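See structure below.
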Amino acid sequence: GVQTCALPILQGLSARLAHWRAAAGADADLAADYRNASTTIGTQVRAVRPGDSEIVGLATGIDDAGRLLIDDAGTTVTVSAGDITHLRPA
């Protein structure tokens with residue numbers, strides 16, 4: 001049933017959280033999994049950061065701390081907080 005399916009998922013999540021806590025925050029394995037599952041990398045995005053500064057560019061990656069990397073006219077900008085919008089192709 002549902003409980004049988006949910007238990008392995010919750011156990012896996014619990015193990016990942018324990019690993020993340022033991023790593024004191026940055027967890028390269030978790031960041032790698034995040035990169036592999038990301039639908040943002042390779043797309044045009046708009047990032048509105050705290051203070052309403054805006055960056056528009058190509059999302060090129062996610063660093064080991066989980067921050068989004070955006071190519072803004074040849075300069076890589078690291079975004080740790082903000083609202084990210086996927087933009088439609090021109």
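Basis for what follows: all heavy atoms, side chains included, without hydrogens, waters or symmetry-related copies. This structure is a prediction, so every number in the text was calculated from the model and none was measured.
The side chain to side chain contact (heavy atoms under 4.5 Å, CB included) check on Asp33 picks up Arg16, with sequence neighbours excluded. Listed by chain and residue number, nothing satisfies the side chain to side chain donor-acceptor pair (under 3.5 Å) test with Asp71 (two or more places apart in sequence, or in another chain). Legend: residues meeting salt bridge (Lys or Arg N to Asp or Glu O under 4.0 Å) with Asp83, ordered by chain and number and at least two apart, are absent.
When all heavy atoms are compared, the tightest approach of Leu68 to Ala59 is CD1-CB, 4.0 Å.
Put simply, the side chain of Ile55 reaches to within 4.5 Å of the side chain of Val79, judged on heavy atoms. The shortest side-chain heavy-atom distance between Thr60 and Ile70 does not fall under the 4.5 Å cut-off.
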Using atom types as modelled, flag every donor-acceptor pair under 3.5 Å from a side chain in residues 36-53 to any protein atom, sequence neighbours excluded.
from: Asn36; atom 1: ND2; to: Ala32; atom 2: O; distance (Å): 3.3
from: Ser38; atom 1: OG; to: Thr40; atom 2: N; distance (Å): 3.0
from: Ser38; atom 1: OG; to: Ile41; atom 2: N; distance (Å): 3.3
from: Thr40; atom 1: OG1; to: His86; atom 2: NE2; distance (Å): 2.8
from: Thr43; atom 1: OG1; to: Thr40; atom 2: O; distance (Å): 2.6
from: Arg49; atom 1: NE; to: Ser53; atom 2: OG; distance (Å): 3.3

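Electrostatic pairing of Arg35 and Asp64 counts as a salt bridge here, judged by a charged N lying under 4.0 Å from a carboxylate O.
Here the OG atom belonging to Ser80 is positioned 9.0 Å from the CG atom belonging to Asp63, to the nearest 0.5 angstrom.
Applying the 4.5 Å side-chain rule to ILVMFWY residues, one finds Val56 in the same cluster as Leu87.
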